[in-house]
Number of protein chains: 2
Amino acid sequence: MSQPRHALSFRPGTPIYGIGVPGLAWRVERGSVRLDGNGTPGEARFASLALPGDIIGSEAMLFGTYAFAASALTECELSPWPEGAASARSGSLLRSLATAQRRAADLVALRGGEAVRRVIGLIRIMANSNDDAAQHVVLPTRQDIADITALRLETVSRIIKRLERDGMLQPVRIDGVHATRSFAVDFGRLAV
Amino acid sequence: MSQPRHALSFRPGTPIYGIGVPGLAWRVERGSVRLDGNGTPGEARFASLALPGDIIGSEAMLFGTYAFAASALTECELSPWPEGAASARSGSLLRSLATAQRRAADLVALRGGEAVRRVIGLIRIMANSNDDAAQHVVLPTRQDIADITALRLETVSRIIKRLERDGMLQPVRIDGVHATRSFAVDFGRLAV
DNA sequence: CGAGCACTTGATCTATGTCAACGGTAGTGG
DNA sequence: CCACTACCGTTGACATAGATCAAGTGCTCG
């Protein structure tokens, strides 16, 4: 209906846009977004991860429609991009290109090597994307982590439980109940 | 055909540029290029793959120096980018951004799922990058394929030998000797 | 209250990693 | 020309990280 001149919020798991539909490009302001290409029968196949500062859906500026589907991994907030006509200039695009390439390289690293390293790598990336000096992460579901790291959800579950026991992750308590996706992180406790 | 002005050629395995050094951005005209970030002690860690049409080193336009090292996977040819001042405008950059994202999604797919599928996926990508109607590929070394697909070179070797036996790959003969990296490809022979 | 998620945990299987040996080819220097 | 070395690729035997199958818990939502 009304053009979203301001930021939009999405709850974890919510679809943001689908493949092939027309729309705008967005800038991720808070939270994390998952992009999916179409797999075998139309099944969603993980394609990329977007964190605060990343631009998503820019292909729609070129082709008119989205080439990937987007959904919220964690609670997140998006604002239309570019903000003003002026910022569509080379500088801004060049910067987006550079961060996209860096993000892609990080993603590649998350899908090779020992399983524990991959999960820790993802936690590190998501924690860093947070400005907080006090390290704190909100992770996606175990299944989403599994899709990102090319592992199985059972494996991810076991690994995260182990990191909790080792003290690297401390589940946030809400009314005495352990959250399953919110953690205080202590990267010092790595070399166990 | 005349060569594009000032295009450079590189032999397989040759370094193109290193991390942290100043330089230009390039467009891959022919062949394939591997990009590496710095791993643990300065070891090269595979970060990305560039094929004809891709732009590499654009981050140097922004920061002055390369963020990744580049080396030739196969015989390849690069030309400085952008060619003219005019083409540095939004259209060209937007296009680069879109292809970079698509390439990144492909790469992610190459690092998950069954080993055979990954290798076939890479072969398909490299064969498509070739304009030839007659399907023909020149692959990188087994080790490079292993780095790209996050497998081990022994595994890659076994898989490729199997694809040869299944008839999907037919090694090119030169003076009666089988080449180890040049193949005629028959994707029809997949469902074996 | 029941259904459906999201997560955990155990037992077992297997695709792929690891280790090791060997052959071919290209390059290099005498 | 012939060693000699350095890669690159192949192949076998064996080990294991992670997948797979299965069962059960507790939350949330309607």
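Every chain is numbered from 1 and lettered A, B, ... according to where its sequence line falls, protein lines coming before strand lines. This structure is a prediction, so every number in the text was calculated from the model and none was measured.
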- Which residue pairs satisfy the salt bridge (Lys or Arg N to Asp or Glu O under 4.0 Å) criterion with at least one member in residues 51-67 of chain A, sequence neighbours excluded? D54(A)-R103(A)
- State, with a plain yes or no, whether a side-chain heavy atom of V33(A) is found less than 4.5 Å away from one of L49(A). no
Would you tabulate the pairs of protein nitrogen or oxygen atoms and nucleotide nitrogen or oxygen atoms of nucleotides 23-28 of chain D closer than 3.5 angstrom?
none

- Task: Verify, without hydrogens or angle tests, whether S182(B) (side chain) and A179(B) (backbone) share a donor-acceptor contact under 3.5 angstrom.
- Result: no
- Does the salt bridge (charged side-chain N to carboxylate O under 4.0 Å, His left out) test come out yes or no for R162(A) and E164(A), once each step is laid out? CA-CA 5 Å; R162(A) 184 145 86 76; E164(A) 288 181 31; over 6 Å; no
- Message: Run D147(B) and R45(B) through salt bridge (charged side-chain N to carboxylate O under 4.0 Å, His left out) and show every step you take.
- Response: CA-CA 8 Å; D147(B) 291 344; R45(B) 204 186 46 181; over 6 Å; no
- Pair D144(B) + R142(B), salt bridge at N-O below 4.0 Å: no
- If an axis is fit to five pairs at each end of the helix from dC1(C)-dG30(D) to dG30(C)-dC1(D), what is the angle between the two, to the nearest 10°? 50°
- Query: How would nucleotides 14-22 of chain D be written as a contact map, 5' to 3', with B for base contact, S for sugar-phosphate-only contact and - for no contact, using protein heavy atoms under 4.0 Å?
  - Reply: ----SSBB-
- Verify the neighbour count for atom CD of Q170(B): are there more than 12 heavy atoms of other residues, nucleotides or ligands below 6.0 Å? no
- Query: Regarding R124(A) and the six-membered ring of F187(A), is the cationic atom NZ or CZ under 6.0 Å from the ring centre and inside 45° of its axis?
  - Reply: yes
- Task: Write down the distance between CD (E164(B)) and P (dT11(D)), rounded to a whole number of angstrom.
- Result: 9 Å
- Task: Work out which heavy atom in P80(A) is nearest to a heavy atom in L24(A); give both atom names and the distance.
- Result: CB-CD1, 4.3 Å
- Within the pair R142(B) and dC7(D), is there a side-chain N or O less than 4.0 Å away from OP1 or OP2? no
- Query: Would you find a donor on one side and an acceptor on the other, under 3.5 Å apart, between the side chain of R118(B) and the backbone of G113(B)?
  - Reply: yes
- Query: Shortest non-hydrogen contact from T74(A) to G31(A)?
  - Reply: OG1-CA, 3.5 Å
- Query: Under the side-chain contact (heavy atoms from CB on, under 4.5 Å) test, which residues partner A146(B), sequence neighbours left out?
  - Reply: Q143(B), L153(B), V156(B)
- Note on the structure: Contact span of DNA chain C against chain B, any nucleotide atom under 4.0 Å from a heavy atom, 5' to 3', runs dT16(C) to dT25(C)
- Item | Check: G188(A) main-chain N/O paired with D186(A) side-chain donor or acceptor under 3.5 Å | yes
